[in-house]
Amino acid sequence: MTQKSIKVLFFGAAADRAGTRESELSSEASTLDGIWPLLEERHPGLSPMRNTLAFAVNGEYARGGDTVSPGDEVAVLPPVSGG
Amino acid sequence: MFTIVDETIDVGALVAAAQRPDCGAISTFVGTTRIDESSGASVEYLEYEAYRPMADRKLEEIGAEIQERWDARHVSIVHRIGRVDPGEASVAIVVASPRRGPAFEASRYAIERIKEVVPIWKREVWSDGYVWVGSQIGTRP
């Protein structure tokens, strides 16, 4: 059985800067802060946005220290602008 | 009803669905796409995208927050995604309450919360490129 990966979704300006809407990370259980360097390495265009980004894990807002495990869905969320 | 649609919002149907004999007020807020003109180029339309189903769930949570704070007997929030042309409705909020005060307050609360927590993004599509609102990132020269 292959190791499950972490699925990462990008929205809005983050998708533009990442150059994709979806990415798969091979990682052990970690935290959002822990996987950020992996995301940054693969999608360097995201770096300047870091301070504006929010994150969700499995569809709920999450903080940097929150756990991310293989099989989870992480969403990279720029400032929302609905309405 | 809390939902995200990719077609025209039928505001009249939402208001009709909110009419109840125990409510004396229906407050309706309709957000429409506004075009800001600036030199040399203009916005042609807005394009919305959502992170679903998180966005759907956040709309439901706003509805639940309203029910906790006010005597709202009916709440509907509908947000449109995809292309929305100038002047068209991008979001509609309908709150029915026995009295007008809570209806007004709750609909105001709903739009402010949408702009804070619902994962929906819009970009202005100009004649010469686009800009993500809130991030100020895009393809305009």
Side-chain angles (χ1 to χ4, degrees), chain A residues 5-25 31-32 35-36 39-83, chain B residues 2 4-5 9 29-34 46-62 77-82 84 89-93 107-125 129-140:
Chain A
S5 55
I6 297 166
K7 181 178 176 183
V8 185
L9 304 178
F10 303 94
F11 291 92
D16 280 22
R17 282 291 170 88
T20 183
R21 302 188 70 81
E22 191 171 329
S23 195
E24 301 269 342
L25 285 184
T31 61
L32 281 172
I35 65 166
W36 174 257
L39 283 175
E40 213 172 21
E41 186 180 13
R42 194 181 296 181
H43 308 288
L46 287 174
S47 291
M49 294 186 75
R50 169 83 204 248
N51 291 337
T52 70
L53 295 173
F55 296 87
V57 177
N58 299 327
E60 190 48 72
Y61 285 110
R63 294 174 186 280
D66 289 347
T67 305
V68 183
S69 303
D72 284 347
E73 178 178 283
V74 173
V76 180
L77 312 174
V80 301
S81 54
Chain B
F2 304 94
I4 291 169
V5 300
I9 299 173
F29 174 83
V30 180
T32 57
T33 50
R34 184 190 67 233
L46 298 184
E47 181 102 30
Y48 289 78
E49 70 174 50
Y51 174 30
R52 305 188 72 181
M54 181 179 173
D56 302 68
R57 211 168 47 252
K58 287 291 160 191
L59 293 181
E60 284 173 25
E61 286 178 16
I62 292 169
I77 306 175
V78 178
H79 203 299
R80 184 174 174 185
I81 56 173
V84 184
S90 53
V91 61
I93 297 159
S107 60
R108 174 69 186 263
Y109 176 84
I111 185 62
E112 302 300 341
R113 288 293 282 161
I114 286 169
K115 288 173 175 289
E116 286 171 2
V117 301
V118 181
I120 294 177
W121 302 268
K122 63 174 166 256
R123 57 184 172 137
E124 297 172 339
V125 180
Y130 65 79
V131 179
W132 286 105
V133 177
S135 297
Q136 310 313 324
I137 287 171
T139 62
R140 291 197 67 208

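By convention in this document, chain letters (A, B, ...) are assigned in the order of the sequence lines, proteins followed by strands, and residues within each chain are numbered from 1. Atoms considered below: every heavy atom in the structure, side chains included; atoms not considered: hydrogens, waters and symmetry mates.
- For Glu116(B), the part lying under 4.5 angstrom from a heavy atom of chain A is the backbone only.
- In this structure, Ile93(B) and Tyr109(B) have side chains that are not in contact, with every pair of non-hydrogen atoms separated by 4.5 Å or more.
- For Arg57(B), the part lying under 4.5 angstrom from a heavy atom of chain A is the side chain only.
- The line from CD1 of Ile111(B) to CZ of Phe29(B) is 4.5 Å long, rounded to the nearest 0.5 Å.
- Contact count against chain B (heavy-atom pairs under 4.5 Å) is highest for Gly12(A) among Ala75(A), Gly12(A), Ala56(A).
- The candidate from Ile120(B), Val118(B), Val117(B), Thr33(B) with the greatest count of non-hydrogen atom pairs under 4.5 Å with chain A is Ile120(B).
- Considering all non-hydrogen atoms of both residues, Pro79(A) and Trp121(B) come closest at O-CD1, 3.2 Å.
- Taking chain B as the reference chain and counting heavy-atom pairs below 4.5 Å, the highest number among Ala13(A), Gly82(A), Ser81(A) is found for Ser81(A).
- A side-chain donor-acceptor contact under 3.5 Å links Tyr130(B) and Asp16(A).
- Top candidate by heavy-atom pairs under 4.5 Å with chain B, chosen from Ala54(A), Gly59(A), Ala14(A), is Gly59(A).
- The shortest non-hydrogen separation linking Lys122(B) to Gly83(A) is NZ-O, 3.4 Å.
- When heavy atoms are compared at a cutoff of 4.5 Å, Glu112(B) does not approach chain A at all.
- For Ala55(B), no part lies under 4.5 angstrom from a heavy atom of chain A.
- Relative to the ring axis of Phe10(A), Arg21(A) does not place its NZ or CZ within 45° and under 6.0 Å from the centre.
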Practice prompt. Give the C-alpha distance, both sets of side-chain angles, the deciding distance and a yes or no for side-chain contact (heavy atoms from CB on, under 4.5 Å) between Val74(A) and Ile35(A).
Written response: CA-CA 10 Å; Val74(A) 173; Ile35(A) 65 166; 4.2 Å; yes

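- Only the side chain of Tyr48(B) comes within contact range of chain A, judged by heavy atoms closer than 4.5 Å.
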